[in-house]
Every structure is written in structure tokens, then in C-alpha cells.
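What follows is a short report on a single structure.
No experiment lies behind these values; they were computed from the predicted model shown. In what follows, every chain begins at residue 1, and chains take the letters A, B, ... in the order their sequences are listed. The figures that follow rest on heavy atoms only: side chains count, while hydrogens, waters and symmetry mates do not.
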There are 2 protein chains.
Amino acid sequence: MNVSSKPERTRLSAEDWELAALQLIAEHGVGALAVEALARQLGVTKGSFYWHFRTREALLHAALERWEQYGEREVLGQIEQISDPRKRLPELFRRVAHELQPHRVYAALLKALDHPQVVPVMARVSQRRMEFLTTAYREAGLAPPQALNRARLTYAAYVGFLQLNFTLGLPRLNHEEFDAYVEHMITTLIPA
Amino acid sequence: MNVSSKPERTRLSAEDWELAALQLIAEHGVGALAVEALARQLGVTKGSFYWHFRTREALLHAALERWEQYGEREVLGQIEQISDPRKRLPELFRRVAHELQPHRVYAALLKALDHPQVVPVMARVSQRRMEFLTTAYREAGLAPPQALNRARLTYAAYVGFLQLNFTLGLPRLNHEEFDAYVEHMITTLIPA
DNA sequence: GGCAATCCATACTCTTCCGTATGGTCAACG
DNA sequence: CGTTGACCATACGGAAGAGTATGGATTGCC
């Protein structure tokens with residue numbers, strides 16, 4: 001809690017700036033990533049920043065790289081350990097649905113696809129996830145062309161739900177309504 | 001073609017500014033909506049702008065309102081005239097899929113849900129479209145709870161596809177691949 | 001043609017934010 | 001305990017863009 005609210009008067013490292021940048025991106029988007037604002041939030045001034053980073057773009061690049069590295073195998077790694085291929089996709093859906101917090105950054109980056117720096121990162125991440133989905137659908141019994149299109153459809157639904165739910169707050173679902181929606185997704189998208 | 005490239009030396013109205021703003025939003029996002037940039041594009045200076053509008057926010061508000069008014073009943077109005085309810089949804093899918101041009105503004109606004117001005121507009125538009133989808137699914141034979149969730153799923157897939165395809169350029173589909181994807185959507189999401 | 005309203009250009013101010021220059025402070029270590 | 005290097009504050013320069021002030025140009029209308 002007091003990582004950013006109470007600076008605790010310890011000195012900062014480049015990692016601190018990158019984590020603070022990711023948090024700020026998740027809350028206010030890439031456009032709000034200003035060094036002076038970040039410095040105020042961290043309780044220091046710009047002088048600190050320009051010791052750790054050469055430029056603002058360097059910070060964004062480092063933060064995106066960190067996110068791409070560490071935020072990846074949180075979900076996919078655990079799912080791959082499930083032996084039964086037919087149980088993988090429902091479990092993936094349920095886990096992703098109930099751990100929406102790590103996806104805040106992804107939702108924010110989705111709204112920043114104007115910036116040339118985030119496009120390659122998002123392209124790589126989306127590509128990997130889509131390939132994961134495609135093979136999962138193939139292992140679940142779909143023919144290759146069907147599996148590919150189903151993966152596209154599933155991933156589009158995921159991305160769209162992030163946009164609509166997070167930043168637009170629509171549809172406004174309570175807990176049980178949300179669970180019902182997830183189960184509806186499972187029965188609709190995953191072959192029996 | 002020469003609406004913006006050749007100003008034809010005619011004087012401008014507020015409508016001209018709003019249309020130019022929408023075009024600029026569709027191409028470069030809401031963040032790129034700067035009055036001096038727009039003025040350069042229209043072949044005039046800021047002096048013209050601040051005669052027609054009190055502030056930059058006023059222009060954005062007017063442009064959004066115009067978009068919400070005129071860009072709505074292009075698709076939905078035609079679909080409602082289809083008598084057979086079971087043929088409405090496939091036809092809706094195909095038309096939306098092949099007229100993606102009017103959805104560029106929607107895709108751009110989707111990436112600008114940080115701005116407080118666009119949130120209510122997008123909320124209204126998305127709400128209306130989702131209600132349209134829900135009744136269409138009910139008329140296609142789904143029970144009310146199923147129809148609601150199916151509408152959410154469909155609309156999320158639509159929104160996600162806009163994001164992934166337009167601004168990220170992924171998945172990169174040619175014409176027949178795209179048609180196959182649309183047909184896959186139809187068979188997967190619409191009850192037989 | 002002349003007048004008034006409409007439309008636009010020019011020339012400012014003000015704010016925000018990136019980046020630089022430079023000196024100060026604190027901790028570690030010999 | 002003094003020196004060194006890591007870390008930070010302060011002050012500045014410069015670019016970009018919003019908004020204002022004011023006068024000039026152009027159009028419609030009598």
C-alpha cells in the first residue's frame with residue numbers, strides 16, 4: 001500500500017520508476033506518463049529521473065519490456081500443466097475471468113496503439129496468446145481452420161470485454177451475473 | 001477527395017470543423033485533435049476556429065454529438081426491416097463486417113475512454129447496440145438470460161475485433177480468410 | 001455603393017512538459 | 001574521518017499548444 005503513498009524516504013532505483021510507470025499506465029493510460037508527474041508521485045523531482053533514464057521513451061520502453069517479461073507466464077504457465085486438454089480451456093477462461101487485475105495494463109495498452117512503441121509489444125503478446133488458444137482448440141477436437149477462427153473469436157471477445165468492462169464500465173455486472181456470463185462463454189465457445 | 005486537400009477557398013462553418021474533427025479522430029485518435037493542426041489542415045488559422053467554437057472541448061463535444069446522431073441508424077435501421085427474425089442476425093453480421101469504414105470513429109473512440117467527454121457517448125451507443133442485439137437473439141429463439149449473455153459476448157467480440165484489426169493490424173486476414181471468419185462467427189454465435 | 005454581420009489573420013500571453021546544466025547531499029568504504 | 005560515487009534538488013531553455021485581443025477582409029443585404 002505504501003509503495004507510492006509513503007515513499008519511506010528510501011532512495012530509488014530504475015526498477016522503482018518502471019513499476020511506478022506501469023501502475024500509472026494501468027490507472028491513467030500511456031498518455032499520462034509524464035516524468036514530472038511520476039516524480040511528484042514518487043516524492044522526488046526530475047533530477048532523479050534523468051539520472052536513471054536517458055529519456056522519457058527509455059522509461060516507457062523499459063516498463064513495457066518488464067511487463068512483457070514478467071506478466072506473461074503467470075496464467076499460461078499454469079494452464080499448460082493441466083494434463084487433460086479438454087479441461088484446459090474452461091479452466092483458462094475461469095482463471096482469466098477472476099484475475100482481471102493483471103490485465104489492467106493490457107487494457108490500458110490496448111488504448112495506446114497509436115504510440116509506435118507499444119505496437120510491437122502488443123503484437124508479440126497477442127500473437128503468442130492467440131497461438132496458445134489455437135493449439136488449445138485443436139487439442140480440444142477442432143479442425144485446424146476451425147480452431148484458428150475460434151481462437152480469433154475468443155481472443156476478440158476477451159479484448160472487447162476488457163475495453164467495455166474496465167474503461168467503459170459496461171456491462172455492469174455483479175458477481176453472480178459475471179459468473180453466469182463466463183459459463184455462457186464456456187458453453188458457447190468451447191466444443192463439447 | 002478535395003474536401004480537405006483543396007479547401008476551394010470557401011468560408012467555413014461549424015459543421016466543417018466538426019466533420020474535419022471526426023475525420024482526424026478516425027485517422028489519428030482523439031489525442032491528436034488539436035485546433036492548430038485542424039486549422040492547418042483546413043487551410044485557415046486559429047482565428048477562424050475561435051469564432052465558431054468557444055473552446056477545444058466544445059468542438060469535441062459537438063463532433064461526438066454529431067457522430068452519435070447521424071452515424072446510428074445507418075445499419076440498425078436497415079436490419080430492422082428484415083421480416084424474418086432468424087435472418088436478421090446473420091445479415092447484421094455480414095453487413096457490419098463489410099462496412100467497416102464507418103466504424104473507424106468508433107474504434108478510435110474506444111481508445112479514448114480516458115477522456116471524460118467520450119465516456120457517456122460511448123456508454124449510450126454501446127447500450128443501444130447491446131439492447132438491439134439482445135432482442136434479436138430473443139427473437140432468434142434464445143431464452144432471455146441466454147440472449148443477454150450472448151449479446152454481451154457478440155458485442156465484445158465485435159469491439160475486440162475492431163481493436164485488434166484496425167489499430168494493431170492483427171490478425172492479418174485477406175478477403176477470403178475474413179469471410180471465412182465471419183461465417184465461423186455466424187455458426188458459432190447464432191443458434192441454429 | 002454602403003453598412004453591418006460574419007469570418008479570418010496576426011500577434012501576443014500562459015501553461016505544461018521535455019530535456020540540460022550544475023551543484024548539493026547522503027551512504028559506503030578505506 | 002575524509003573521499004568517492006550514487007542519488008537528488010534547483011534553475012534554466014525551449015517547444016508545443018490552448019486561449020485572447022484586435023484589426024482586416026469578405027459576404028449578404030438594403
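Partners of A:Glu15 according to the salt bridge (charged side-chain N to carboxylate O under 4.0 Å, His left out) rule, which considers only residues two or more places apart in sequence or in another chain, are A:Arg66.
A donor atom on one side chain and an acceptor atom on the other are found under 3.5 Å apart for B:Gln127 and B:Glu131.
Ring pair B:Tyr155/B:Tyr106 is perpendicular by interplanar angle, where above 60° counts as perpendicular and below 30° as parallel. In this structure, B:His52 and B:Trp17 have tilted ring planes: the angle between them lies in the 30° to 60° band.
Residues A:Ala147 and A:Tyr137 approach most closely at CB-CB, 3.8 Å, considering heavy atoms.
Sorted by first and then second residue, the side-chain hydrogen bond (donor to acceptor under 3.5 Å, both in side chains) pairs with a member in residues 107-125 of chain B read A:Lys111-B:Asp114, A:Asp114-B:Lys111, B:Glu68-B:Arg124; sequence neighbours excluded.
One interatomic measurement links the two molecules: CG of B:Leu60 to C1' of D:dA18, which rounds to 14 Å at whole-angstrom precision. Look at CG on A:Leu12: it is 14 Å from C1' on C:dC26, rounded to the nearest Å. One can place CH2 of B:Trp51 at 19 Å from P of D:dG23, the figure rounded to the nearest angstrom.
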Could you run down the sub-3.5 Å N/O contacts of the protein with nucleotides 14-21 of chain C?
| residue | atom | partner | partner atom | Å |
| --- | --- | --- | --- | --- |
| C:dC18 | OP1 | A:Val35 | N | 3.4 |
| C:dC18 | OP2 | A:Val35 | N | 3.3 |
| C:dC18 | N4 | A:Lys46 | NZ | 3.2 |
| C:dG19 | OP1 | A:Thr55 | OG1 | 2.8 |
| C:dG19 | OP2 | A:Tyr50 | OH | 3.3 |
| C:dG19 | OP2 | A:Thr55 | OG1 | 3.0 |
| C:dG19 | OP2 | A:Arg56 | N | 2.9 |
| C:dG19 | N7 | A:Lys46 | NZ | 2.9 |
| C:dG19 | O6 | A:Lys46 | NZ | 2.0 |

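Counting atom types as modelled, B:Arg11 pairs a side-chain N or O with a base atom of C:dT6 as donor and acceptor under 3.5 Å.
The phosphate of C:dC8 (OP1 or OP2) has a side-chain N or O of B:His52 nearer than 4.0 angstrom.
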